[in-house]
Amino acid sequence: MWPFSSSRRSASAGERRVPRDLALEDAPWSPYADLDDDDDLAYRPRGPRQPSYLPPAPPRRTTLRGRIWDRIAARGWLWWFGRISAAVALVFILLVAWLAITAPLSKSLQPIAAPQVTLLAADGTPIARKGAVVGEPVVVADLPPHVVEAFLAIEDRRFYSHWGVDPRGIARAALTGTGGGSTITQQLAKFTFLSPERTLTRKAREALIAFWLEAWLTKDEILERYLSNAYFGDNMYGLRAASLHYFFRKPENLKPEQAAMLAGLLQAPSRLAPTRNPDLAAARFMLVKNAMVAAGYITQGEADAMNVPKLDVREREEIPTGTYFADWALPQAQASGAEAYASRTITTTLDSRLQNIARRVTERAPLGSAQVALVAMRPNGEVVAMIGGKDYGQSPFNRATQARRQPGSTFKLFVYLAALRAGWHPGDTVDNTEFTTGSYRPGNAGGHYSPTITLADAFAQSSNVAAVRLAQEVGIDAVIETARDLGVTSDLPAGDPSLALGTSTMTLLELTSAYAGVAGNAFPVEAHAFPEEEEGWFDWLWNGKSSLGFGDREEMETLLRGAINSGTGRAAMLSGPNFGKTGTTQDNRDALFVGYAGEGDDRLVVGVWIGNDDNSPLDGVHGGGLPARIWRDFMTSAIAGQGVPAREIPRPDPSGPVQPLDVPTDGEFPMGDGTRLIIRDGEAVIVSDVDGVPVEATIGDGSLSVDIDEEAVARRLVEGARQQAAERLEDARQQGERAIDNAREPPAESGAGP
């Protein structure tokens, strides 16, 4: 039997316990140590018993706060200080690692502003200049000591001795007003990595990045990146750009007073620029001199000998900062050279002759309050002319590339091309009767219908009911697939029967690019502003472009030719091959004409749109009217002298139901070369254009009267005289600048000059 089987035996055993057993019972590792004499089942924390000769232990705290303080007291303050210090060091290491990933050092080498880009037309004519003037980086070792000292004296006198943050410098700046509160390293961190907001959080991040830059870069590298990126006013970034702009000197050749002037600009570049506020710049220059004396860089006598430097700002040729074409092209140019410091000059695809033609034909069009857009491109997508509105100065919104409007009947290109690809032919017929059932009942303009109509006549007359039924026959999905193949990326809702009539929205540039795919028989076409490298045969094989079969393309061009020669686009008729389609949306809110003409490499694809920005209806303007005439006037001048063969104007075929169903007839007949014959009220009016001056000759009742726009003649004469005077003044200015430059040119050893 076990000795603990009864209390009696346990008690007798306890009476016989020796001191050695008592000591074992009191040991912390003994199985008896945690047992209470009064209650064998009570639990006590393990540990040595309180000897009887010591005062009783303080009672254990029961609150959470009390227990936390007990734990802190038990560990000791030194133990906790070591643990907290280790945690702070770990967090700092993690932050530095995070900065190395999210804010790489290479970013401090990039210019903080987009460098200046000058765009040229294909013939070298400057189009636009935009962006900051960013100079090439400087090297501290190549700069004279007085250049570096001027910046250190006014911005960060203890630059070479602190670790990125200078408490002494902050205190001195607060007390004396000289020296920046932020170090040069902090300023580099601020304008390279951070936003300009003024918050404690940003200041903390700025200090942290400053420590990080100091750990990874040398002092000279930090100073070089700072001087190469700092803003000096007048759109000049970097010391090199500023020294050339204000003093026409390289930074390596700056005089002490010139360096002091530039160093003073950094506090408020826009306000202190000497070209704008010479008095403020001079006052700041005096402060920099005093700071250089206080720092021990120069003596008071040397400072007194330094006078306010004279500026040498060379005027540049005035080039507009933006045009409709430039605003579209510049983002592409800037993206291709985002990390470049130097200003760049890039040649575009714009043809200055064609751009002038586009400007002229849109300016003289009777638009009223409506806006106009025009895009001209080659079949490969090279944009050669662009008009985004009536006046860029009043509204830079580009209606050719940004406005999303309904294309109207010009969208029927995709419907009929989908049918041709499905096996239909221009001679096939489709139902042309009025819709009398169903929730969607489109109608033909003018209410003209027939039992059936051929595809050729339906396309020429722009029959709406025929287009909807044809889309239903081939399937809306096939129409959408054809549009996608030709490069249309805008939303095209499947299952919507009105899609066939151009109710979805897209830009004029996107629509014209699709027509370019048909013109060049290579699609999709991506409109671009810069010349692309000519493809080799291997690249051509794998460029992913598609093309139409010979029969499909020939039949599509038959439809497009018929729309001009015998359909709604007769006002756009040329003396040579011409292909196009009119478009007019509901309530005449949009009027369009898109087409192409010319031969071979000289072929041009042009889209014209007219509408109101508020989408209100136009006053009697339709696709076959003013847009078609603008298209014709542009094409007539654009392809003149390019070998377009003369072609007899076809006469209407009286045997068929050839009636322009989406526009009313206006009794106007093109006669070629921009001349039109208008029959009205028994009179014949011949309208032509003589060297840009509109002329009207009216024949009626045996008399002839000629009406010449005298204001246009006067404007023409004034423009000619102004252009000649401008050319002469430009020649004289260039000769004068060359003479001044030759007179100012010092000997090579003097170091002056850029």
Side-chain angles (χ1 to χ4, degrees), residues 108 135 137-192 206-207 209-211 213-214 217-233 236-243 246-247 249-269 272 281 283-306 309:
S108 63
V138 296
V139 178
V140 169
D142 296 338
L143 297 175
H146 58 257
V147 174
V148 176
E149 292 167 355
F151 287 92
L152 296 183
I154 195 65
E155 291 295 323
D156 190 358
R157 198 172 301 174
R158 286 171 34 83
F159 172 71
Y160 280 97
S161 60
H162 62 63
W163 280 83
V165 177
D166 184 14
R168 288 173 54 184
I170 296 174
R172 184 181 64 250
L175 294 175
T176 65
T178 60
S182 296
T183 65
I184 284 178
T185 313
Q186 287 178 273
Q187 294 181 55
L188 176 63
K190 178 173 62 178
F191 61 63
T192 303
E206 175 186 302
I209 295 176
F211 284 127
L213 291 173
E214 291 279 352
L217 299 175
T218 66
K219 286 291 187 178
D220 284 352
E221 288 174 336
I222 293 174
L223 185 58
E224 287 169 358
R225 299 184 185 203
Y226 171 75
L227 294 176
S228 299
N229 283 286
Y231 181 51
F232 287 85
M236 301 291 156
Y237 288 81
L239 180 60
R240 188 173 303 278
S243 60
Y246 291 114
F247 304 112
R249 280 177 175 264
K250 293 181 180 179
E252 294 82 5
N253 298 331
L254 283 173
K255 297 179 180 180
E257 59 270 20
Q258 295 170 335
M261 173 70 80
L262 293 176
L265 303 182
L266 296 181
Q267 184 188 53
L272 297 175
R284 183 69 177 172
F285 162 75
M286 301 298 294
L287 189 62
V288 175
K289 286 198 309 178
N290 295 334
M292 295 180 71
V293 173
Y297 294 136
I298 60 175
T299 65
Q300 187 62 51
E302 291 173 332
D304 295 339
M306 292 169 56

* To do: Measure the shortest side-chain to side-chain distance between L262 and F247 over non-hydrogen atoms and say whether it is less than 4.5 angstrom.
  => yes

* **Sub-4.5 Å side-chain heavy-atom contact between V140 and V148** => yes

* Which value, rounded to the nearest 0.5 Å, describes the distance between H146 atom NE2 and F151 atom CZ? -> 10.5 Å

* Structure fact -> CG of L213 to CH2 of W163, rounded to nearest 0.5 Å, is 13.0 Å

* Any chance you could measure Q187, atom CD, to S182, atom OG, to the nearest 0.5 Å? => 6.0 Å

* Could you state the interatomic distance from CG (L239) to CG (L265), rounded to the nearest 0.5 Å? -> 10.5 Å

* Structure fact -> Between P137 and S228, the two heavy atoms sitting closest are CA-OG, 3.2 Å

* For I154 and A291, which heavy atoms make the closest approach, and how far apart are they? -> CD1-CB, 4.2 Å

* What heavy-atom pair brings Q267 and P269 nearest, and what distance separates the two atoms? -> C-CD, 3.9 Å

* Given side chains that start at C-beta, do those of M292 and E302 come closer than 4.5 Å, heavy atoms only? -> no

* **Salt-bridge contact E214-K219 (side-chain N to carboxylate O under 4.0 Å)** => yes

* Reported CE-to-CE distance for the pair M306 and M261, which is rounded to 0.5 angstrom -> 10.0 Å

* Measure the shortest side-chain to side-chain distance between S243 and F232 over non-hydrogen atoms and say whether it is less than 4.5 angstrom. => no

* Close side-chain approach of V293 to K289, heavy-atom, < 4.5 Å -> no

* Structure fact -> Tested for side chain to side chain contact (heavy atoms under 4.5 Å, CB included) against L143, the lone hit among L223, L227, N253 is L227

* To do: Using a 4.5 Å cut-off on heavy atoms from C-beta on, say whether the side chain of I184 contacts that of L152.
  => yes

* To do: Hey, could you give me the CD/OH distance between E149 and Y297, rounded to the nearest 0.5 Å?
  => 6.0 Å

* Asked: Taking all non-hydrogen atoms of both residues, which atom of R157 and which atom of A294 are closest, and how far apart?
  -> NH1-CB, 4.0 Å

* Locate the shortest heavy-atom distance separating V138 from P251; write the atom from each residue and the value. => CG1-CG, 3.9 Å

* Asked: Does the side chain of D220 pick up a donor-acceptor pair with the side chain of Y160 at under 3.5 Å?
  -> yes

* Would you check if L266 and Y226 make a side-chain contact, meaning some heavy-atom pair closer than 4.5 Å? => yes

* Using a 4.5 Å cut-off on heavy atoms from C-beta on, say whether the side chain of Q258 contacts that of V147. => no

* Asked: Which atom names give the shortest non-hydrogen contact between A210 and T185, and what distance separates them?
  -> O-CG2, 3.5 Å

* **R240/E252 salt bridge by N-O under 4.0 Å criterion** => yes

